[in-house]
Number of protein chains: 2
Amino acid sequence: MTLSEEDYIKAIYHLGKGENSTVSTNAVAYQMETKPSSVTDMIKKLSDKGVVNYRPYKGVSLTEYGQKIALSQVRKHRLWEVFLLEKLDFSWDEVHDVAEQLEHIKSEKLIDQLDKHLGFPEVDPHGDPIPSKKGELKKTIKKLLNEVPIGASGICVGVKDSSPPFLKFLDRNNIALGDTILVLEKEEFDGSLYIRIKESKIHISDQIASNLYLKITE
Amino acid sequence: MTLSEEDYIKAIYHLGKGENSTVSTNAVAYQMETKPSSVTDMIKKLSDKGVVNYRPYKGVSLTEYGQKIALSQVRKHRLWEVFLLEKLDFSWDEVHDVAEQLEHIKSEKLIDQLDKHLGFPEVDPHGDPIPSKKGELKKTIKKLLNEVPIGASGICVGVKDSSPPFLKFLDRNNIALGDTILVLEKEEFDGSLYIRIKESKIHISDQIASNLYLKITE
DNA sequence: ACAAATATTTAGTTTTGTCTAAAATTATTT
DNA sequence: AAATAATTTTAGACAAAACTAAATATTTGT
């Protein structure tokens, strides 16, 4: 696969939401920041190679082979993201562009060893699961922290309320995007939670918990 | 710079032995595993961009700008080599191809942070110096171990005698390519040496020392 | 010094991935 | 159910990087 082919495959994969839904030419063009006519050209090539199912005017979907390639691509991307954030102290916004380049490096050993170097992570810093070498992908769901069952853990991926006071609270309590949160116990009286975050145990109100999104691996 | 341009620049740099000697079209073609006519095409392009000095039929050399690019390329290549060998447990022969790909990733921060992650190494696993961010390059020389002055250290890069008995000796004494050797003391009587290698101190005969090449940073 | 050998360049194609403009198909609206 | 709008495809071009074959320079051997 060429660099460009790999990018198209990943775009089709993501637009199909990981499921194998059919994707429109226009959608791919928009995602790839290119023209629909270029997309048609490339899709034909991918179709000839057995990577996508294509019926003119009806859209594309990945074949099983195509999905395998997409998942391997996603695996590489997410492992590199973990590497950049954990080992090279990149920040969230700096990671994507570089991972986009790194994911095209061709070496099976490189990815296997990188995986090992990182301690075989299961999710990337956005809480999205990392496909296994064989292409198995765990499902994740996004839940408000107050709906997360006791004993479960997830990664903090967003806020419902983005008002300055709330963000200030998070900052003061050292809660940031990407942090892993484990729900320890729930206070029946007021619905407040005891959680563990970065080795420390804290107590937060239901009001806080109902404004924080976690991503949970099932 | 495109991927291909960067490869040509590096080839011209290496053929010019790091010095700015003029290089023939044929030599570049051979190095790049391509045809001389392709080289002429590319050289013209690089000349237009101010990367090389080119006079038809007379060969090419890098401009100052071209040399800067080449050194930055070499820096990236060698840092990635260190990473692959030290962090990902690659072996010598597996490193090159992958580093060749990695060196094309475009991100200044990536290289700076990688450098830091590796502890700012001064030489790569072959004993070759890693250019600084500003493009400064230390000189190295290859010497037989018995000619290395006391107190100096270098990296084991080759053998003069490659007979099985000698290689077996090295193996038994846990001396391998890439190891750093420090010369501690010389026995006047027989020229034998006390050296430090991988935290241990050993004693080797002059005969051994005169068959091992070290690369030394001046 | 000049013919033969070698090295280099030019001219004309090819492939990959892109583009624009025009044609064809599908969807939407009244 | 037409007419119009939107989407998608086709046709033809272009740039980058390579190639082959032919032409041109340079070097070498005698």
Side-chain angles (χ1 to χ4, degrees), chain A residues 1-16 21-62 66 69-70 73 97 100-101 103-106, chain B residues 1-17 21-63 66 69-70 73 97 100-101 103-106:
Chain A
M1 293 295 134
T2 69
L3 224 136
S4 197
E5 286 170 345
E6 285 178 355
D7 285 338
Y8 274 96
I9 293 170
K10 221 182 71 173
I12 295 167
Y13 175 84
H14 280 130
L15 289 168
S21 15
T22 294
V23 175
S24 81
T25 302
N26 248 7
V28 177
Y30 183 76
Q31 170 84 10
M32 296 280 301
E33 298 186 315
T34 182
K35 303 291 164 185
S37 55
S38 309
V39 175
T40 304
D41 287 345
M42 179 55 90
I43 282 173
K44 277 186 195 158
K45 197 166 62 151
L46 292 176
S47 179
D48 288 347
K49 289 196 177 188
V51 174
V52 299
N53 302 116
Y54 170 55
R55 284 182 39 229
Y57 295 102
K58 299 300 183 188
V60 261
S61 61
L62 294 174
I69 297 171
Q73 215 55 30
D97 282 350
E100 204 73 5
Q101 296 179 64
E103 80 187 28
H104 293 295
I105 305 290
K106 277 163 189 59
Chain B
M1 294 294 134
T2 69
L3 223 138
S4 197
E5 286 170 345
E6 285 178 355
D7 284 338
Y8 274 97
I9 292 169
K10 221 183 72 174
I12 294 167
Y13 175 82
H14 281 130
L15 289 168
K17 289 171 194 155
S21 13
T22 293
V23 175
S24 80
T25 302
N26 248 7
V28 177
Y30 183 76
Q31 169 86 10
M32 296 281 299
E33 298 186 318
T34 183
K35 305 290 165 185
S37 53
S38 309
V39 175
T40 302
D41 286 347
M42 180 56 89
I43 282 173
K44 277 186 196 159
K45 198 166 57 152
L46 292 176
S47 179
D48 288 348
K49 289 196 177 187
V51 174
V52 299
N53 301 116
Y54 170 56
R55 284 181 39 229
Y57 296 104
K58 299 301 184 188
V60 260
S61 61
L62 295 173
T63 61
I69 297 170
Q73 217 53 31
D97 283 350
E100 204 73 5
Q101 295 179 64
E103 80 187 29
H104 293 295
I105 305 290
K106 277 161 190 58

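Fair warning: this is a prediction, and the values are worked out from it, not measured in the lab. Order of the sequence lines sets the chain letters (A, B, ...), proteins ahead of strands, with each chain counted from 1. For the numbers below, each heavy atom of this structure counts, side chains included, while hydrogens, waters and symmetry mates do not.
Rounded to whole Å, atom C1' of dA18(D) lies 15 Å from atom CG of Leu46(B). Atoms CG (Asp7(A)) and C1' (dT16(C)) sit 14 Å apart, rounded to a whole Å. When the C1' atom of dT7(D) is taken as reference, atom OH of Tyr30(A) falls 17 Å away, rounded to whole Å. With rounding to whole Å, Lys35(A) atom NZ is found 12 Å from dA21(C) atom C1'. Remark: C1' of dT13(C) and CG of Asp41(B) are 12 Å apart, rounded to the nearest angstrom. The interatomic distance linking Glu5(A) (CD) with dT18(C) (P) rounds to 10 Å, in whole Å. One atom, NZ of Lys49(A), and another, C1' of dT16(C), lie 10 Å apart when rounded to the nearest Å. Residue Met42(B) contributes atom CE, which lies 10 Å from atom P of dA16(D) at whole-angstrom precision.
Contact between the side-chain N/O atoms of Ser4(A) and the OP1/OP2 oxygens of dT16(C) is not found at any separation under 4.0 Å. Close to dT16(C), at under 4.0 Å from its OP1 or OP2, lies no side-chain N or O of Tyr8(A).
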How far apart are the C-alpha atoms of Asp7(A) and Met32(A), what are their side-chain angles, what is the distance that settles it, and do they pass the side chain to side chain contact (heavy atoms under 4.5 Å, CB included) test? CA-CA 8 Å; Asp7(A) 285 338; Met32(A) 296 280 301; 3.8 Å; yes
Which letters describe nucleotides 3-9 of chain C, given B = protein heavy atom under 4.0 Å from base, S = only from sugar-phosphate, - = neither? ----SBB
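By the side-chain contact (heavy atoms from CB on, under 4.5 Å) test, Thr40(B) pairs with Thr25(B), Lys44(B), Tyr54(B), sequence neighbours left out. Glu5(B) is linked by a side-chain hydrogen bond (donor to acceptor under 3.5 Å, both in side chains) to Lys45(B), Lys49(B), counting only residues two or more places apart in sequence or in another chain. By the side-chain hydrogen bond (donor to acceptor under 3.5 Å, both in side chains) test, Glu103(A) pairs with Lys10(A), His77(A), sequence neighbours left out. Take Gln73(B) and apply the side-chain hydrogen bond (donor to acceptor under 3.5 Å, both in side chains) test, not counting sequence neighbours, and it matches Glu6(B). Residues passing the side-chain contact (heavy atoms from CB on, under 4.5 Å) test with Asp41(B), sequence neighbours excluded: none.
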